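What follows is a short report on a single structure.
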Amino acid sequence: MIRLKGLDVYSLRLVLTLLILSGISVSVAVSSWLSTRDSKHQIEELFDAQMLQTAKMLELFYHTEPGATPQSTARPQVLHVPDSQISSFAEKADALKLAYEHKLAFQIWSEAGEALVLSDNIGHQPITRFVQGYHKKVFEGELWHVFSFFSVKNHVWIVTAQQDEVRQELVSQIMHNAVIVPLIVVPLTLLIVSLLFYLLFRPLKTFERELIGRAPNDLTPLTMSLPKELVPVRRALNLYINSIARFIARERRFSADAAHELKTPLSVIKLHQHGLESLIDDDPQQKFHLAAIDAGVVHMSHTVEQLLVLARVDSINELNVSSHAILPMVEDALNQLMPQITDYEWNIDIAPQLTVTCDRFYLLLVLKNIIENACKYSPQESEISVSAHSLGDEISICIADRGQGMTEEQIANATERFYRVNENEGIGAGLGLSICHHIIELHQGRLVIAPREKGGLSVTLFLPQ
């Protein structure tokens, strides 16, 4: 049972959505990480190659006379690099104010360590040891990538440098793009997936609405069109419905046949019981046994009559409905119950012109049954009221008593077949309210049972006007 409760909150649509979004998110995240890692590696190689190429170009343009040794001058040649105040690729620059000019530097040193040519944005001191290759150097709080190259032809050290910020910004832009794309793709995917799932699961909702909208006595097979995946479900439900239909039909046949078979023996027992009454003496014990036989026969006869009515109601294919005045029907029901109603105070509140569209025979049966129950469970001399009112498109007929009433649990089970409020009650088979409920449903109406404030019970019939 715990497992079933857990499955009741299990949403296939939600799980599929989460799985798809999780798969997309993981794929995009892994792809972005791999792309960023590869891009960072390629950027490092690209800029290292650029620094090498710059060093070789400086070697090409800086030269001395053949056989001469480069000499330092009192003041080395200095290239002034202005700060353009442009710090990123996103900012607009022009041909004379390039974004990263002040973040690139170079130096040319003699073998003796004398400055020959340099850019002034890196200072006048060597920015690295004179060791050929790539190095990193922190200068004025900034990390620089440095490449040292010794020109054998010119006998000079050529040093090119580049701020690490140049590389990091490109990597950041790539990572930014890698993050922005999923932020756009994932919500868009969620929207598309939700729309697709709505369209795909719509037949399930239609299937659910058809099942909920079916009448309790509608046991016809399901014929609605469904996707191939739901066809086995429809087939299984149809098999289940057919099984229930066969079971109910067998039960109804048994009830009807049993009631018919019992009717004749009960009549014979009743006849012989009357014959014995004229033959016995005034012996109290004999009269007691005859009274017990009479009570049993009455109980069985009532049950058989109820079973026969139930079989007849179950076999109804179509009601013979027409407009009927309510007051005469109530009066007929009271007249047919005359021996039982004389000990009660009756309050009839029904307008003579009030009518209802119904099958008179079956609605009269319902009124008799409910009035009989009101008498059965109410103390003598108590008030029983019968009222009817027009409620727009409905007519309400209410039978209210001041009897023992019913609990909420008893009311919930009252219309079930063979349910009796008091199992020790001598008369009754628990079929009366079930029959009434079924007849009112056939009229497309409602039967409402409710306790009264000062004790008692009200049974209200709501029927289309």
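What you see is a predicted model, and the numbers here were worked out from it, not measured in a lab. Residue indices begin at 1 and follow the sequence shown.
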Flag the pair Phe47 / Leu104 as yes when at least one side-chain heavy-atom distance between them is below 4.5 Å, and no otherwise. no

**Asked** Is there a donor-acceptor pair under 3.5 Å between the side chain of Thr160 and the backbone N or O of Met51?
**Response** yes

One should read off an interatomic distance between Ile395 CD1 and Ile350 CD1, to the nearest 0.5 angstrom, of 10.5 Å

Output, in order, the C-alpha distance, side-chain angles, deciding distance and verdict of side chain to side chain contact (heavy atoms under 4.5 Å, CB included) for Phe197 and Ile192.
-> CA-CA 9 Å; Phe197 281 169; Ile192 295 173; over 6 Å; no

Given the options Glu165, Glu142, Gln163, Lys103 meets side-chain hydrogen bond (donor to acceptor under 3.5 Å, both in side chains) only with Glu165

Kindly indicate whether the side chain of Met329, heavy atoms from C-beta on, has any atom under 4.5 Å from the side chain of Val356. yes

For Thr460 and Cys398, the nearest pair of non-hydrogen atoms, with its separation, is OG1-SG, 3.6 Å

One should read off an interatomic distance between Asn413 CG and Glu408 CD, to the nearest 0.5 angstrom, of 11.5 Å

On a heavy-atom basis, the closest approach of Ala374 and Ile399 is CB-CG2, 4.2 Å

- Under 3.5 Å, is there a donor-acceptor pair linking the side chains of Ser322 and His324? yes

May I ask you to test the Ser387-His389 pair for a side-chain heavy-atom distance under 4.5 Å?
yes

- Query: Quick one: are Leu461 and Leu367 in side-chain contact, heavy atoms under 4.5 Å?
  - Reply: yes

Taking every heavy atom of Leu327 against every heavy atom of Pro352, the minimum-distance pair comes out as CD2-CA, 4.3 Å

Is any side-chain heavy atom of Leu363 closer than 4.5 Å to one of Ile440?
yes

Minimal heavy-atom distance between Ser225 and Arg234, with the atoms involved, is CA-NH1, 4.2 Å

Leu226 and Pro203 have their tightest heavy-atom pair at CD2-O, 4.1 Å

Whether Tyr344 side chain and Ser378 backbone form a donor-acceptor pair below 3.5 Å = yes

Requested in this report: Answer yes or no: is there a donor N or O on one side and an acceptor on the other, between the side chain of Gln410 and the main chain of Thr407, under 3.5 Å?
Outcome: yes

dist Leu195:CG -> Leu200:CG (nearest 0.5 Å) comes out at 9.5 Å

**Q.** Sub-4.5 Å side-chain heavy-atom contact between Lys136 and Leu143
**A.** yes

Audit row: Ile371, Trp346, side chain to side chain contact (heavy atoms under 4.5 Å, CB included) steps and yes/no: CA-CA 11 Å; Ile371 291 173; Trp346 292 91; 3.5 Å; yes

Problem - Donor-acceptor contact below 3.5 Å, side chain Asn320 vs main chain Asp359 - result: no

Leu433 and Ala414 have their tightest heavy-atom pair at CB-O, 3.6 Å

Hey, is CD on Glu44 packed in by over 12 heavy atoms from elsewhere, all under 6.0 Å? yes

| said: Does any part of the side chain of Leu211, heavy atoms only, come nearer than 4.5 Å to the side chain of Glu208, both counted from C-beta? | reply: no

Tell me, with the steps shown, if His145 and Asp48 meet side chain to side chain donor-acceptor pair (under 3.5 Å). CA-CA 8 Å; His145 293 263; Asp48 285 348; 5.1 Å; no

One thing to verify: whether Lys137 and Asp164 come together as a salt bridge, which I'm taking to mean a side-chain N less than 4.0 angstrom from a carboxylate O. no

Whether Arg402 side chain and Ile384 backbone form a donor-acceptor pair below 3.5 Å: no

Next on the checklist: Could you check whether atom CD of Glu45 has more than 12 heavy atoms from other residues, nucleotides or ligands sitting under 6.0 Å from it?
Outcome noted: yes

- prompt: Looking at side-chain heavy atoms only, is the closest gap between Ile411 and Pro451 below 4.5 Å?
  reply: yes

Rounding to 0.5 Å, atoms CD1 (Ile348) and OG (Ser385) come to a distance of 8.0 Å

I would like to know whether Thr357 and Leu463 meet side chain to side chain contact (heavy atoms under 4.5 Å, CB included); could you show each step before the answer?
-> CA-CA 8 Å; Thr357 302; Leu463 296 166; over 6 Å; no

Distance col, row His437:NE2 vs Ile449:CD1, nearest 0.5 angstrom, shows 8.5 Å

Could you label the plane-to-plane angle of the Phe147 and Tyr134 rings as parallel, tilted or perpendicular, counting under 30° as parallel and over 60° as perpendicular? tilted

| request: Compute both the distance and the angle, then confirm whether Arg446 meets the cation-pi test with Phe462: under 6.0 Å from the six-membered ring centre, within 45 degrees of the axis. | output: yes

field: Side chain Asp401, main chain Leu457, donor-acceptor under 3.5 Å
entry: yes

Short side-chain to backbone donor-acceptor contact, Asn369 and Leu365, under 3.5 Å:
no

Practice problem: Go through the steps for Gln336 and Ile341 under the test side chain to side chain contact (heavy atoms under 4.5 Å, CB included), then give the verdict. | Solution: CA-CA 10 Å; Gln336 292 180 33; Ile341 66 173; over 6 Å; no

Rounded to the nearest 0.5 Å, the OG atom of Ser39 sits from the CG atom of Leu46 at a distance of 11.5 Å

